[in-house]
Amino acid sequence: MLQATDLACLKGDRLLFRGLALTLGPGDMLRVAGPNGVGKTSLLRLLTGLTWPEAGEVAWHGVPVRREREAFHRALLYLGHAAALNDLLSPLENLRFACAAAGDEDVDEERCAQALVRIGLARQLDLPARVLSQGQRRRVGLARLFLSAHRPLWVLDEPFTALDVNAVAELATTLSDHCAAGGTVVLTTHQEAPFARAPQVLDLGAYAC
Amino acid sequence: MLQATDLACLKGDRLLFRGLALTLGPGDMLRVAGPNGVGKTSLLRLLTGLTWPEAGEVAWHGVPVRREREAFHRALLYLGHAAALNDLLSPLENLRFACAAAGDEDVDEERCAQALVRIGLARQLDLPARVLSQGQRRRVGLARLFLSAHRPLWVLDEPFTALDVNAVAELATTLSDHCAAGGTVVLTTHQEAPFARAPQVLDLGAYAC
Amino acid sequence: MLSSFLAILRRDLLLSWRGRADLLVTLAFFVVVVCLFPFGVGAEPNQLRAIAPGVLWVAALLASLLALHRLFAQDHADGTLEQLLLSSEPAVLWVLAKITAFWLTTGLPLVLAAPGLALLFDMEQGALPVLTLSLALGTPILALLGAVGAALTLGVRGGGMLLALLVLPLYVPVLIFGAGAVDAQLGGTGATAHLLLLGGGLAGALALAPWACAAALRIAME
Amino acid sequence: MLSSFLAILRRDLLLSWRGRADLLVTLAFFVVVVCLFPFGVGAEPNQLRAIAPGVLWVAALLASLLALHRLFAQDHADGTLEQLLLSSEPAVLWVLAKITAFWLTTGLPLVLAAPGLALLFDMEQGALPVLTLSLALGTPILALLGAVGAALTLGVRGGGMLLALLVLPLYVPVLIFGAGAVDAQLGGTGATAHLLLLGGGLAGALALAPWACAAALRIAME
Amino acid sequence: MQWESWSAFWQMGGAGPFVWGSYGLTLVLVAVELVLVLRRRKDTVLRLLRWRRAVGKDVRMESLE
Amino acid sequence: MTSPGRAAARAPEGWLRFAAPQQFYPLAGRLAPWFAALAALLTIVGLYIGFFLAPTDFQQGEVYRVIFIHVPAAWMSMLIYLVMAFWSAVGLVMNTRLSFIMSQALAPTGAMFCFVALWTGALWGKPTWGAYWVWDARLTSQLLLLFLYFGFIALTRAIEDPRRADRAGAVLALVGAVNVPIIYFSVQWWNTLHQGASVSLTKAPSMASIMLAGMLVMALAAWMYSIAVALWRVRALILERERHTEWVGEVLEAEARTAGGVR
Ligand code: HEM
Ligand SMILES: Nc1ncnc2c1ncn2[C@@H]1O[C@H](COP(=O)(O)OP(=O)(O)OP(=O)(O)O)[C@@H](O)[C@H]1O
Ligand SMILES: Nc1ncnc2c1ncn2[C@@H]1O[C@H](COP(=O)(O)OP(=O)(O)OP(=O)(O)O)[C@@H](O)[C@H]1O
Ligand SMILES: [Mg+2]
Ligand SMILES: [Mg+2]
């Protein structure tokens with residue numbers, strides 16, 4: 001269970017939001033909405049514990065995330081704006097490494113390849129990531145979703161960017177399925193996507209200062 | 001008038017498309033469509049003369065673009081995946097420089113500031129670009145559209161990426177207006193946008209090899 | 001634990017292999033700097049022999065320094081570092097893996113090439129093992145200290161050069177003992193004391209630097 | 001034409017000013033490398049005096065070299081270079097503007113700092129003007145030649161080091177005449193010939209390098 | 001008293017440039033530092049006042065620890 | 001949920017109270033002028049002793065009078081780095097912002113003293129050793145200390161996010177502090193191994209006690225000066241950091257009301 005209380009985020013001279021509270025349980029999908037620059041990415045990074053809030057606290061199952069960092073990060077999958085791809089490695093190698101580094105030791109080459117094929121990169125398995133198109137790069141990152149069903153909390157920053165229509169639909173299904181299976185999803189997006197059940201919306205504009 | 005004849009594009013081992021021909025006159029808007037990785041970006045870069053086609057030719061008013069490069073580039077505005085922003089400079093400085101470097105000598109600080117305000121960056125005029133949000137970065141690049149009405153040919157690679165709903169609508173209007181005023185627009189996008197008149201669609205999938 | 005250490009080590013080695021040029025080029029830089037010196041200071045053999053250990057060590061140090069910015073920069077730019085920090089494994093572990101891979105691909109080649117270059121300066125053959133040993137002990141210290149600097153300056157404007165400013169004062173003791181070891185051997189006083197001190201320094205750096213580096217990386221992500 | 005030259009010059013200078021650290025830090029690197037030498041080769045004053053011109057010149061060369069990768073890398077990564085190549089202005093023009101700005105922010109500070117550092121090595125005061133002049137003529141050549149190398153290695157894997165490997169051989173003649181000028185002055189034979197050669201080299205580089213560089217950039221974008 | 005005359009004092013037995021060079025530069029540095037430090041707070045106050053007026057009162061937070 | 005706990009933590013008793021920037025700001029403002037006055041007074045006394053009471057040195061002549069500025073500056077530069085490292089450690093362990101602010105406020109003054117020591121030493125060296133600079137151990141380690149200061153200042157200035165700057169600077173200060181003794185001894189060893197003690201600082205065998213007195217008074221003055229300047233700088237930094245808080249707003253408004261009286 002992810003709980004944030006009284007969060008405030010300060011960037012330079014600007015207080016983006018304050019007094020933000022949220023509680024997310026199993027099965028919840030939250031869409032953080034708001035115009036460009038309102039602080040969606042900043043909020044997501046706060047939730048993952050990558051940055052400190054200016055005020056307030058984020059807790060996972062009641063424990064502040066900075067306190068029991070490892071347990072929280074075992075439960076978390078975060079995909080940010082950057083795709084975490086190394087240009088010299090192939091999608092397969094990139095995915096393999098991402099899983100190993102995250103501590104998913106049971107993910108082997110075979111499963112990685114399957115995930116990549118499933119997300120539509122069958123022909124690009126062994127190309128260096130440098131030559132992939134924007135959408136293909138994005139897909140490599142998203143392939144981790146297929147291998148992270150055991151992580152209850154997914155935090156995704158603009159996952160639909162650069163994807164074509166079919167991929168958007170399939171991703172929406174994957175996310176809906178994760179929630180249906182008791183997972184929690186927090187995402188931002190400016191695009192409409194065909195979710196099975198409309199997600200809750202947190203309008204960050206309402207908290208803006 | 002932009003004309004491409006019998007274009008082919010080879011990337012590494014893969015022939016992306018071949019035999020592609022197109023002709024665009026004043027008032028035309030072309031949307032290059034197709035799934036991820038089909039070669040949209042590659043095509044756009046061919047059209048701008050940044051890369052050489054494997055076969056075929058691109059001509060502007062009947063002259064191959066590589067022959068009279070300077071005249072063609074005076075008529076062209078290209079905005080690619082990368083936003084061409086320097087992280088240390090403010091949006092205003094970036095825009096100012098982009099115009100000066102492109103040879104638009106009549107664009108002064110005042111007009112740049114107006115363009116940025118119009119695109120919704122009034123509060124960010126003097127921040128370093130590094131701290132901008134994704135959507136704000138994108139907007140700085142797009143602000144050049146307001147200052148490039150005199151350039152007839154606009155080539156835009158995924159201009160709607162990362163923009164919020166309002167910005168998408170406004171951009172669509174700007175593009176429609178440009179066409180209405182006799183300009184030509186070539187763009188790619190996976191998102192639907194509220195254009196005044198539906199653009200022609202070039203389905204690149206049909207030329208894929 | 002160990003498996004993620006190995007995964008990162010393997011990947012970084014693979015990356016160096018892919019960007020082979022990189023690997024060779026650190027080495028090439030070392031060679032070129034060393035060869036540049038005679039052009040700068042003149043080709044008088046006695047003088048060259050006298051400054052040989054110093055030049056070799058300074059060149060090794062500069063080559064390591066130059067390679068440093070690559071240690072985390074790429075991973076920072078493409079978001080991999082963010083993912084690593086979100087991993088449930090302790091950060092020291094993968095930091096150490098990265099530093100190890102870094103040393104294997106940039107430090108080790110220098111160690112191996114140094115004796116050959118020393119011959120160009122007509123260094124006494126008896127001193128070559130000491131030269132190699134001093135570099136073998138010294139370059140890992142450079143890598144460890146440098147990693148802290150690289151982590152601190154990550155994504156900071158003017159980073160590359162700031163890094164140089166930060167770590168060079170820290171490199172001085174290594175340089176002194178490293179070049180000193182060779183000089184002492186050549187001077188006949190024996191290099192044991194110097195080498196022991198280098199060894200001690202290495203143990204100390206191994207014990208402290210990865211922690212400092214992990215802390216610095218976490219700070220850099222703020 | 002001139003106005004776009006000025007626009008680019010102004011922007012690059014502004015950028016250096018923003019990343020002030022960068023500007024100071026090239027200088028800092030120069031200073032630190034020079035100061036490092038005595039640790040390597042020992043503090044014997046006569047020896048230091050003898051190698052001073054060479055060390056100063058090699059350090060200036062390395063500092064310029066290190067700064068090189070910044071010349072186009074940022075603009076390449078963020079797409080600015082693409083836009084510049086799509087500009088209707090001739091490419092030589094803005095290439096020259098970029099190189100000028102680069103020299104003003106990295107070369108000039110070295111020229112100004114060198115006499116002060118020469119005093120650390122207790123160099124004869126009479127040779128200081130020659131040292132300064134040789135650097136003032138030589139560092140622009142380094143910048144011009146380096147720019148070609150930087151353009152050629154743009155976006156190539158292992159670029160930074162490959163760059164070093166490419167340009168160092170080109171730098172050697174500059175180093176020889178530059179350090180040679182100071183040595184000649186110290187040796188009493190007068191530095192005029194060396195300085196004239198450097199001047200000629202500068203004129204040649206100015207005439208050719210920008211074209212080569214522009215061509216290389218266009219190729220790099222393919 | 002150490003000095004026969006003021007000029008002897010200034011000459012410092014021939015070491016004048018060195019001694020006064022030392023004290024002079026130190027004095028200058030200290031003066032510059034003092035000016036900078038005192039001006040810095042003044043500037044900060046003015047800048048922050050301007051900033052506060054610009055963003056309005058919303059920015060206030062009770063605690064930031 | 002946590003606010004009550006935080007509120008309690010914010011009002012500690014006794015001296016610790018001043019760890020809160022809000023409390024420290026006025027305190028610093030009140031104390032700084034006193035330290036400054038003390039520094040001025042001690043400087044006058046010290047210089048009087050140095051120039052008018054201390055006798056001419058029979059070996060070096062008058063040039064030795066540089067000592068009254070040289071040695072206090074050298075001591076101060078080393079001391080300040082240690083103090084910075086101390087505050088950095090406190091900051092990292094206790095997570096108190098004020099500690100980081102302290103160490104950043106001290107750095108420029110430390111660098112200044114470091115430079116003064118180098119400069120005065122160089123000027124002293126020319127008449128005594130015949131060269132502005134020799135690679136003596138003590139001089140060299142002082143030079144490296146200057147680089148450490150520059151590195152610290154450059155790093156904290158180059159990072160804009162204050163919290164990141166604080167912590168990164170603190171890590172650097174600690175790493176540097178661990179290295180300072182290593183640098184010092186290695187340099188000493190390097191030098192003696194290479195060239196023997198051909199030059200060593202002439203520690204006057206029987207430094208007249210009046211000289212010693214002048215030196216100590218000047219050293220005290222340097223202490224007081226450093227404290228005063230650091231306190232003033234801390235005030236500016238605190239305002240900057242806490243600009244979003246209520247109390248800074250009040251301070252600013254108060255200053256605006258007494259416009260002109262801004263110090
Ligand atoms: C650039 C040149 C110089 C530098 C960087 C320098 C640095 C230092 C330092 C760091 C100290 C304090 C050391 C300690 O207390 O352990 C010191 C003390 C001192 N220096 Fe210098 N020095 C320089 C030149 C000179 C010269 C030329 C002389 C005189 C010939 C001199 C005479 C002294 C004396 C007498 C002390 C006091 C020693 C003591 O109390 O133990 N210094 N100097
Ligand atoms: N130093 C600073 N000073 C002022 N404002 C800043 C500073 N740093 C960041 N900001 C602002 O903070 C906001 C950061 O927003 P963030 O990236 O979280 O936006 P977002 O909601 O994800 O937007 P997008 O939809 O464009 O991705 C931006 O509006 C940016 O301008
Ligand atoms: N060296 C190579 N070998 C094989 N295929 C390559 C090579 N270089 C590029 N490609 C392929 O060429 C295509 C480039 O596509 P491009 O970037 O033009 O796609 P796009 O249509 O813009 O896609 P997106 O919608 O994702 O932006 C990709 O499918 C990529 O995998
Ligand atoms: Mg965002
Ligand atoms: Mg594309």
Side-chain angles (χ1 to χ4, degrees), chain B residues 11 41-42 44-54 65-66 68-90 92-109 128-130 137-138 140-141 144 148 151 153 155 157, chain D residues 1-25 70-98 100-102 105 154-155 157 214-222:
Chain B
K11 292 267 172 173
T41 299
S42 310
L44 261 47
R45 287 174 67 90
L46 285 181
L47 292 182
T48 60
L50 274 172
T51 51
W52 285 94
E54 193 62 27
V65 297
R66 287 261 174 166
E68 294 206 2
R69 198 188 65 73
E70 299 198 0
F72 175 56
H73 282 166
R74 239 193 307 281
L76 168 76
L77 174 73
Y78 170 66
L79 299 179
H81 273 301
L85 283 193
N86 188 295
D87 278 348
L88 293 180
L89 298 180
S90 68
L92 190 56
E93 286 158 344
N94 267 304
L95 185 59
R96 196 62 214 291
F97 167 74
C99 292
D104 293 344
E105 289 173 16
D106 55 327
V107 176
D108 58 2
E109 184 119 352
R130 180 173 25 89
R137 295 177 71 85
R138 195 78 212 162
V140 181
R144 272 192 71 194
S148 302
R151 293 176 183 255
L153 178 62
V155 178
D157 200 355
Chain D
M1 291 255 298
L2 191 69
S3 89
S4 87
F5 179 90
L6 286 180
I8 286 156
L9 186 66
R10 195 164 334 111
R11 169 200 183 241
D12 275 21
L13 291 178
L14 177 65
L15 268 178
S16 307
W17 179 245
R18 281 290 152 74
R20 222 154 333 185
D22 260 13
L23 203 143
L24 284 181
V25 165
R70 286 188 294 124
L71 183 49
F72 299 115
Q74 183 58 41
D75 288 347
H76 181 245
D78 67 20
T80 304
L81 211 55
E82 213 171 68
Q83 290 295 338
L84 282 172
L85 285 170
L86 287 178
S87 144
S88 48
E89 311 288 325
V92 211
L93 206 74
W94 54 260
V95 166
L96 197 61
K98 285 195 83 72
T100 312
F102 178 72
T105 52
L154 209 56
R157 46 178 198 188
L217 284 175
R218 221 168 260 292
I219 294 166
M221 274 296 117
E222 279 287 297

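Any value given below was found using the heavy atoms of this structure, including those in side chains, with hydrogens, waters and symmetry copies removed. Every chain is numbered from 1 and lettered A, B, ... according to where its sequence line falls, protein lines coming before strand lines.
- Considering all non-hydrogen atoms of both residues, D:A7 and B:A100 come closest at CB-CB, 3.5 Å.
- If you measure heavy-atom distances from B:A101 to chain D, the contacts under 4.5 Å come from both the backbone and the side chain.
- The number of heavy atoms from other shown groups lying within 6.0 Å of CD (B:E68) does not exceed 12.
- When the candidates B:L77, B:L50, B:T48 are compared by the number of heavy-atom contacts under 4.5 Å with chain D, B:L50 comes out ahead.
- Heavy-atom minimum distance, B:R69 versus D:L85: NH1-O, 3.2 Å.
- Of the atoms belonging to D:Q83, it is side-chain heavy atoms, and not backbone ones, that fall under 4.5 Å from chain B.
- Per-residue heavy-atom pair counts under 4.5 Å with chain D were compared for B:A82, B:G141, B:A84, and the maximum is reached by B:A84.
- For B:F97, the part lying near chain D is the side chain, with the backbone staying farther off; criterion is any non-hydrogen pair under 4.5 Å.
- Residue D:D78 is tested with B:L85, B:D87, B:N86 for a side chain to side chain contact (heavy atoms under 4.5 Å, CB included); the sole match is B:N86.
- Proximity to chain B (any heavy atom under 4.5 Å) is restricted, for D:R218, to the side chain, taken from C-beta onward.
- When side chains are defined from C-beta on, D:E82 counts as touching B:R45, because their heavy atoms get closer than 4.5 Å.
- For D:L14 against B:L89, the heavy-atom pair with the smallest separation is CD2-CD2, 3.8 Å.
- With rounding to the nearest 0.5 Å, the separation of CZ in B:R151 from OG in D:S88 is 6.0 Å.
- Only the side chain of D:L84 has a heavy atom closer than 4.5 Å to any heavy atom of chain B.
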